Asks: 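So that we are looking at the same thing, I have put the structure below in C-alpha cells.
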Amino acid sequence: MSDKFTDFSAKSADARRNPRMIATVEASRLMSEIARPMTVKAAMYEIAQAVSKHLPKEMGVMTPSRAEDIFRQDRVRVRAEELDAIRAAAEARRAKEHNDAAIRAEMAVALARLESVEAAFAGDDAELARAEIHAAREQVLLVGRLLEGGGQ
C-alpha cells in the first residue's frame, strides 16, 4: 500500500461515463472523509474497522485491502451493504467531529467564566475560592488535552 493520497480526477471522469461506477466514487469520497488526516496505509486499517462496525454480520468484516480498492476506485463493484456501512461510518465521523467542536466551545466559555470570577476575587483574600477556581480550570484544560489525544 502507498503512503500518499491519490488524485481521483481521471477516475471520477470515468464514473460520469459509467453509471455503475457512481457508487464507487461516492464510497471513495466518503472513505477519504473518514480517513483524514492519515496516510493511506493507516487510513485503510481505520476505515476497514469503522466500516466493519456497520456491516451486517453475514458479510463479515472489511479488510484493509478491500478498503483500499474501493478508496482508489480500482474498478471494484461496491455492494449496497458496503456503501450503506461506509455512509454510516462517515456520518459517525461527522457526528464525533461535531460533538468534539461543541465540547471545545463549551470549554472556552467555561474558561472565560472562570477567568472573570478569578479576576473578581483578585483584590479579596479568598484563597479558598481561588484554589477551587484553579482546580476547575485544570479540569477543563485536562478535558481539552484528552480531546486532542494528548492524554494527561
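Hydrogens, waters and symmetry mates play no part in the numbers below; they use all other heavy atoms, side chains included. This one's a predicted model, so the numbers in the text were calculated from it and none came from an experiment.
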Asks: So which heavy atom on P64 is nearest to which on M44, and how close?
Replies: O-CB, 3.8 Å
Asks: Atom CG in D74, atom OG1 in T24: separation rounded to 0.5 Å?
Replies: 10.0 Å
Asks: Please check if M59 and I86 belong to a single hydrophobic cluster, counting links between Ile, Leu, Val, Met, Phe, Trp and Tyr side chain heavy atoms closer than 4.5 Å.
Replies: yes
Asks: Check the hydrophobic clustering (I, L, V, M, F, W, Y; side-chain heavy atoms under 4.5 Å; chains of links allowed) and say if I70 and L83 are grouped together.
Replies: yes
Asks: Using atom types as modelled and distance alone, determine if a side-chain donor or acceptor of S52 lies under 3.5 Å from a backbone N or O of M62.
Replies: yes
Asks: Is there a side-chain contact between V51 and E82, using heavy atoms and a 4.5 Å cut-off?
Replies: no
Asks: R87 and D84: side chain to side chain contact (heavy atoms under 4.5 Å, CB included), yes or no, with the steps?
Replies: CA-CA 5 Å; R87 287 175 179 147; D84 289 344; 3.5 Å; yes
Asks: Answer yes or no: is there a side-chain heavy-atom contact under 4.5 Å between V140 and R137?
Replies: no
Asks: For residues L55 and A85, report the shortest heavy-atom separation together with the two atoms involved.
Replies: CD2-CB, 3.7 Å
Asks: Check this for me: does any side-chain nitrogen of one of R66 and D69 sit under 4.0 Å from a carboxylate oxygen of the other?
Replies: no
Asks: Determine the minimum heavy-atom distance between A92 and H54, stating which atoms define it.
Replies: CB-NE2, 4.4 Å
Asks: Working to the nearest 0.5 angstrom, can you tell me the gap between Q73 CD and M31 CE?
Replies: 11.0 Å
Asks: Rounded to the nearest 0.5 Å, how far apart are CD1 of I47 and CZ of R93?
Replies: 9.5 Å
Asks: Inspect the contact between E97 and R94 and indicate whether a charged nitrogen and a carboxylate oxygen are less than 4.0 angstrom apart.
Replies: no
